[in-house]
Amino acid sequence: MKIATWNVNSVRQRQHLILDWLEREQPDVLMMQEIKCETAQFPAEAFQKAGYDCAVVGQKSYNGVATLVKSGMEITTDHLPGFDHPVARYVEVRTQGLTLGNLYLPNGNSGGEDGYATKLAFFDALTARARAFLQTDTDFILAGDYNVCPTPEDCAPGALGPDDALVRPQSRAAYRRLLWLGLTDGLRALHPSGPAYTFWDYQAGAWGRDCGLRIDHALLSPRVAERLETAWPDRDERAMERPSDHVPLIVTLRDKAQATA
DNA sequence: ATGACCATTTATAATGGA
């Protein structure tokens with residue numbers, strides 16, 4: 001099973017890149033963030049034509065998430081329970097025995113201390129969600145744009161200042177609290193050290209200098225982690241014409257029969 | 001070489017992104 005997360009930075013601007021990528025990679029699931037449109041403006045027909053059902057939670061301007069699934073799915077929630085802000089940043093579906101939370105965590109650099117508090121509040125609600133899944137023995141993946149570089153090697157030298165919300169100690173502590181419930185960071189489980197960036201700023205020639213960040217993550221529940229086969233950021237996508245500033249993060253899972261054999 | 005981007009908004013500069 002092949003599952004990807006990708007902050008596309010406008011689904012309408014990136015529609016053809018996304019469709020080309022789906023055609024090439026044939027993932028079972030694609031969780032997109034920052035679709036930057038209302039639900040009615042989402043190009044669902046084009047994705048349906050490519051063989052995907054769409055769970056879309058749109059919003060004008062920024063925000064907006066959508067999950068594409070090849071086989072059947074059920075939408076379990078269109079918002080993050082316990083996070084009481086009217087923003088389209090979470091959609092959760094159930095497919096093939098997995099609950100898949102697609103999240104777009106607030107950046108936290110705008111809106112002063114209130115803005116930063118909103119980021120931590122999202123983390124709290126997400127952690128509560130994960131705890132509830134563990135208590136009910138639910139197999140799940142929480143994937144998306146976390147807007148956190150978990151460790152210093154996830155941030156290229158000089159890419160961010162020490163007070164940036166993506167690297168602040170409280171941001172990293174919040175990420176660790178979630179992880180330490182017993183989840184597995186899919187990328188780091190297979191590639192424990194070294195850069196594995198998923199984002200390069202449009203500014204300052206960041207891509208050319210490989211001045212990137214690892215801020216998109218896929219966190220797996222224990223039984224799902226046992227099936228983890230590969231995990232990689234698809235860097236090729238950043239070299240395309242008019243790309244998103246993020247690339248897809250892809251994880252593949254062995255099927256259940258193999259895992260228990 | 002101390003600059004430099006991109007998308008959206010009932011736009012035509014401001015704002016958020018990271």
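Order of the sequence lines fixes the chain letters, A, B, ..., with proteins taken first and strands second; residue numbering starts at 1 for each chain.
Remark on DNA chain B: of its neighbouring residues Asp145(A) and Tyr62(A), the 5'-side contact belongs to Tyr62(A), judged by nearest-heavy-atom nucleotide.
Taking only side-chain nitrogens and oxygens, Ser61(A) never comes nearer than 4.0 Å to OP1 or OP2 of dG16(B). Proximity of Asn7(A) to the phosphate of dA18(B): a side-chain N or O atom is located under 4.0 Å from OP1 or OP2. Distances shown here put a side-chain N or O of His246(A) below 4.0 Å from the OP1 or OP2 atom of dA18(B). The phosphate of dC5(B) has neither OP1 nor OP2 within less than 4.0 Å of any side-chain N or O from Arg238(A). Between dT8(B) and Gln13(A), a contact under 4.0 Å exists linking OP1 or OP2 to a side-chain N or O. Dashed line: the shortest gap from a side-chain N or O of Arg14(A) to OP1 or OP2 of dA7(B) is under 4.0 Å. For dA18(B), one of the phosphate oxygens OP1 or OP2 lies less than 4.0 angstrom from a side-chain nitrogen or oxygen of Asn147(A).
In this structure, Gln41(A) atom CD and dT8(B) atom P are separated by 9 Å, rounded to whole Å. Atom CZ of Arg89(A) is separated from atom C1' of dG16(B) by 10 Å (rounded to the nearest Å). If you measure from atom CG of Leu166(A) to atom C1' of dG16(B), you get 13 Å, rounded to the nearest angstrom. The CD-P distance, from Glu241(A) to dC6(B), rounds to 11 Å in whole Å. For the pair Gln203(A) CD and dA7(B) C1', the interatomic distance rounds to 13 Å; values are reported in whole Å. As a whole-Å value, the separation of Asp245(A) CG from dC5(B) P is 14 Å. If you measure from atom CG of Asn9(A) to atom C1' of dT15(B), you get 14 Å, rounded to the nearest angstrom. Look at CG on Asn63(A): it is 17 Å from P on dA7(B), rounded to the nearest Å.
The minimum heavy-atom distance between Arg172(A) and Cys149(A), with the atom names listed, is NE-O, 2.7 Å. Summarising the geometry of Tyr202(A) relative to Pro243(A), their closest heavy-atom pair is OH-O, 2.8 Å, with the distance given to 0.1 Å.
Tyr104(A) comes within 4.0 angstrom of the backbone, heavy atoms only, and of no base. Phe199(A) comes within contact range of the sugar-phosphate backbone alone, with a heavy-atom separation under 4.0 Å but no base atom that close. Leu160(A) comes within contact range of no nucleotide atom at all, as no heavy-atom separation falls under 4.0 Å. Residue-level contact check: Arg214(A) touches neither bases nor backbone, having no heavy atom under 4.0 Å from any strand.
When distances are taken from the side chain of Leu213(A) to each of dA7(B), dA18(B), dT10(B), the shortest belongs to dA18(B). When the nucleotides dT8(B), dA18(B), dC6(B) are ranked by their closest atom to the side chain of Ile215(A), dA18(B) comes out on top.
Checking Asp216(A) against Trp6(A) by side-chain atom types alone, no donor-acceptor pair falls below 3.5 Å. Between the side chains of Glu34(A) and Ser10(A), no donor-acceptor pair is found at a separation under 3.5 Å. Residues Thr252(A) and Thr230(A) bring a donor and an acceptor atom of their side chains to less than 3.5 Å of each other. For the residue pair Gln170(A) / Lys119(A), no side-chain donor-acceptor distance below 3.5 Å is found, with atom types taken as modelled.
The C1' atoms of dT2(B) and dC6(B) are separated by 22 Å, rounded to the nearest whole Å. Comparing dG16(B) with dA11(B), their C1' atoms are spaced 15 Å from each other, to the whole Å. Between dA7(B) and dA18(B), the two C1' atoms lie 14 Å apart (nearest whole Å). Distance noted for atom C1' between dT8(B) and dT12(B): 13 Å (whole Å). Here, dT15(B) and dT10(B) have their P atoms 14 Å apart, quoted to the whole Å.
Taking the charged nitrogens against the carboxylate oxygens, Arg188(A) and Asp154(A) do have a contact shorter than 4.0 Å, which makes a salt bridge.
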